[in-house]
Amino acid sequence: NTLTKLLFNQCLELTWNHGTEKDPVFKVHDGNAAPQGFGHIGFLVDDLEPACERMQADGVDFKKKPSDGNMRGIAFAYDPDGYWIELIDRKASFAGVCSNY
């Protein structure tokens with residue numbers, strides 16, 4: 001649908017927490033712990049399984065691998081600060097899982 005095509009365009013906003021560079025106890029809030037807020041960003045990838053295998057071989061930790069859970073065609077990796085990065089197989093079909101498909 002039109003909304004899905006619009007939302008899957010790429011846009012990434014990077015923020016600098018000005019002033020925290022001198023705070024020795026500053027820790028980035030990942031948005032998934034309380035209080036919840038921003039949770040994650042997502043990227044479309046080609047060939048999700050091999051991409052995740054390469055990332056894992058390079059030392060990337062995963063919250064969810066493509067074969068885990070009920071949702072196939074997606075994975076969640078952790079970035080170095082603990083943020084979740086959603087990886088979505090470009091060819092994934094969410095028919096029967098989401099009402100928009």
Side-chain angles (χ1 to χ4, degrees):
N1 68 32
T2 304
L3 178 60
T4 304
K5 289 177 184 174
L6 175 67
L7 293 177
F8 272 63
N9 286 328
Q10 296 80 23
C11 178
L12 177 61
E13 177 182 346
L14 302 176
T15 303
W16 176 37
N17 296 309
H18 181 71
T20 61
E21 67 276 1
K22 295 180 182 174
D23 183 350
V25 295
F26 175 76
K27 182 170 180 351
V28 175
H29 185 281
D30 67 13
N32 293 306
Q36 287 187 320
F38 168 78
H40 68 275
I41 60 173
F43 295 95
L44 293 173
V45 298
D46 295 320
D47 300 318
L48 180 65
E49 292 270 352
C52 290
E53 289 168 4
R54 284 191 308 274
M55 292 173 67
Q56 186 171 17
D58 287 339
V60 173
D61 291 324
F62 283 83
K63 171 148 184 74
K64 179 202 176 303
K65 295 180 183 172
S67 59
D68 296 343
N70 293 328
M71 287 284 292
R72 300 295 194 250
I74 65 169
F76 286 91
Y78 290 108
D79 83 351
D81 290 318
Y83 282 99
W84 298 1
I85 307 297
E86 184 174 9
L87 305 170
I88 308 158
D89 193 311
R90 189 175 306 277
K91 299 177 295 293
S93 169
F94 300 104
V97 178
C98 299
S99 61
N100 292 347
Y101 294 91

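Predicted model only: the values in this text are computed from it and were never measured.
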S.K.: Let me confirm one number: the CZ-CG distance from Arg90 to Asp47, rounded to the nearest 0.5 Å.
M.R.: 10.0 Å
S.K.: What's the verdict on side chain to side chain contact (heavy atoms under 4.5 Å, CB included) for Ile41 and Tyr83, showing C-alpha distance, side-chain angles and the deciding distance?
M.R.: CA-CA 8 Å; Ile41 60 173; Tyr83 282 99; over 6 Å; no
S.K.: Any non-hydrogen side-chain atom of Phe62 less than 4.5 Å from a side-chain atom of Phe76?
M.R.: no
S.K.: Starting at CG of Asp89, measure out to CG of Leu44 and round the result to the nearest 0.5 Å.
M.R.: 9.0 Å
S.K.: Please check if the side chain of Lys64 supplies one atom and the backbone of Ile74 the other of a donor-acceptor pair under 3.5 Å.
M.R.: yes
S.K.: Identify the heavy atoms of Ala77 and Met55 that sit nearest to each other, and give their distance.
M.R.: CB-CE, 4.1 Å
S.K.: Roughly how far, to the nearest 0.5 Å, is CD1 of Ile88 from CZ of Phe43?
M.R.: 10.0 Å
